[in-house]
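For clarity, every value in this text was computed on a predicted model and none was experimentally measured. Because only heavy atoms are used, hydrogens play no part in the values below, and waters and symmetry mates are left out as well, while side chains stay in. Just follow the structure's listing: the first ligand is 1, and inside any ligand the first atom is 1.
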Amino acid sequence: MCNKGETVKLYVVGVGPGDPELITLKGRKVLEEAPVVFCPSTKGHSRALEIIRGFLKGQKVVLLEFPMKAQNPKVHLTKASEVILKELERFKTGTYVTLGDPSLYCTFFWIYDHLREKVSVEIIPGVSSFTAAACAIPLPLVLGEEKLALIPVLYCENLSTYINDFDTLVFLKVKGKIKDLKEFIDVDRYRVFYIKRATLPEQKIWEGLEALEDNDEDYLSLVVVKKCRS
Ligand SMILES: C[S@@+](CC[C@H](N)C(=O)[O-])C[C@H]1O[C@@H](n2cnc3c(N)ncnc32)[C@H](O)[C@@H]1O
């Protein structure tokens with residue numbers, strides 16, 4: 001079992017939304033120096049690993065399987081923590097990579113409590129998908145007195161309840177939920193942007209409600225809704 005006293009260290013690196021050049025210098029440095037890299041995955045596929053693959057120089061890569069759920073079942077969290085601790089016992093340091101910025105909907109925080117008592121953890125920020133998307137449009141998400149809301153559509157009911165309190169709303173996890181969004185957006189009062197695969201070569205940006213595809217199954221898509229300035 002790892003003992004925090006013997007300076008066992010885990011870095012958590014936000015690898016950004018897709019373009020590998022958007023990873024920070026610090027993130028890239030710890031990644032390149034890590035003897036072992038932990039990648040969250042679903043059904044054996046890791047989007048974070050795809051982004052960083054070009055930076056790897058023969059390090060051990062460990063896929064940690066997490067199902068797509070708001071709260072991952074305890075069994076997966078316990079297993080992932082145990083795997084990380086076992087590898088750190090051997091290598092003394094390692095890096096966990098995560099999409100975008102680690103502070104936003106990142107699976108790592110479900111296991112943080114299991115690890116923090118046993119190893120030292122340093123978290124390195126990354127470029128978030130929604131700020132990257134806003135820059136790509138380009139659109140200031142908020143200016144002056146404006147307020148911003150970040151909403152994971154997949155887990156929210158009654159989306160219309162948020163609309164009056166904010167000037168800009170960013171909807172993440174929109175896969176399978178586009179129809180719900182369309183129902184409450186008043187196109188006379190709001191500009192609507194639909195961004196798929198921000199910063200990747202296949203990035204696409206549409207403006208207008210009609211662009212939203214009811215059956216969008218792309219996990220890497222988001223919607224920005226911004227009140228028209230009068
Ligand atoms: C679990 S959240 C992770 C958010 C991430 N930590 C961040 O800072 O962007 C996953 C959601 O982020 C959004 N997302 C992540 N990368 C994206 C990209 N390249 N383009 C558009 N949306 C993206 C999608 O809405 C996706 O369903």
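By the 4.5 Å heavy-atom criterion applied to side chains, Tyr105 and Lys173 are counted as neighbours. For the pair Phe130/Leu148, a side-chain contact is recorded, criterion being any heavy-atom separation below 4.5 Å from C-beta on. Between Lys196 and Trp206, the closest side-chain pair of non-hydrogen atoms falls below 4.5 Å. No side-chain heavy atom of Thr98 sits less than 4.5 Å from a side-chain heavy atom of Thr107. Within the 4.5 Å cutoff, no side-chain heavy atoms of Arg197 are placed close to those of Lys204. Here the side chains of Val8 and Lys118 are not in contact, with every heavy-atom distance at 4.5 Å or above.
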Self-check item: Candidate pair Glu65 and Lys79, rule salt bridge (Lys or Arg N to Asp or Glu O under 4.0 Å), full reasoning
Solution: CA-CA 9 Å; Glu65 186 67 18; Lys79 190 167 173 219; over 6 Å; no

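Taking a cut-off of under 4.0 Å to the non-hydrogen atoms of Ser129, the atoms of ligand 1 that pass are 7 (C), 8 (O), 9 (O), 12 (O), 13 (C), 14 (N), 15 (C), 16 (N), 17 (C), 23 (C). Near Tyr105, meaning under 4.0 Å from any of its heavy atoms, are these atoms of ligand 1: 1 (C), 2 (S). The contact set between ligand 1 and Ser128, taken as ligand atoms under 4.0 Å from a residue heavy atom, comprises 7 (C), 8 (O), 9 (O). Using a 4.0 Å cut-off to heavy atoms of Pro17, the atoms of ligand 1 that qualify are 19 (N). Per-residue contacts place Leu172 under 4.0 angstrom from the following atoms of ligand 1 (heavy atoms of the residue considered): 13 (C), 25 (O).
Among Val12, Thr95, Leu88, the single residue meeting the side-chain contact (heavy atoms from CB on, under 4.5 Å) criterion with Phe38 is Leu88.
Distances between N or O atoms of Leu104 and those of ligand 1 include at least one value under 3.5 Å. Geometrically, ligand 1 and Ala198 share a nitrogen or oxygen pair separated by less than 3.5 Å. For ligand 1, the polar-atom distance check finds an N/O of Leu99 within less than 3.5 Å of one of the ligand's N/O atoms.
Within the 4.0 Å heavy-atom criterion, the part of Ser221 lying near ligand 1 is the backbone and not the side chain. For Arg197, every heavy-atom contact with ligand 1 shorter than 4.0 Å involves the backbone, none the side chain.
For atom 8 (O) of ligand 1, the candidate residues are Thr199, Leu220, Asp101, Val153; the nearest heavy-atom contact is made by Asp101. The option from Tyr219, Phe108, Phe130 that lies nearest to atom 10 (C) of ligand 1, judged by heavy atoms, is Tyr219.
Ring-plane geometry between Phe109 and Tyr112 is classed as perpendicular, the angle between the planes exceeding 60 degrees on a 0 to 90 degree scale with a lower cut at 30.
For atom 22 (N) of ligand 1, the closest non-hydrogen atom on the protein side is Leu222 CD2, 3.3 Å.
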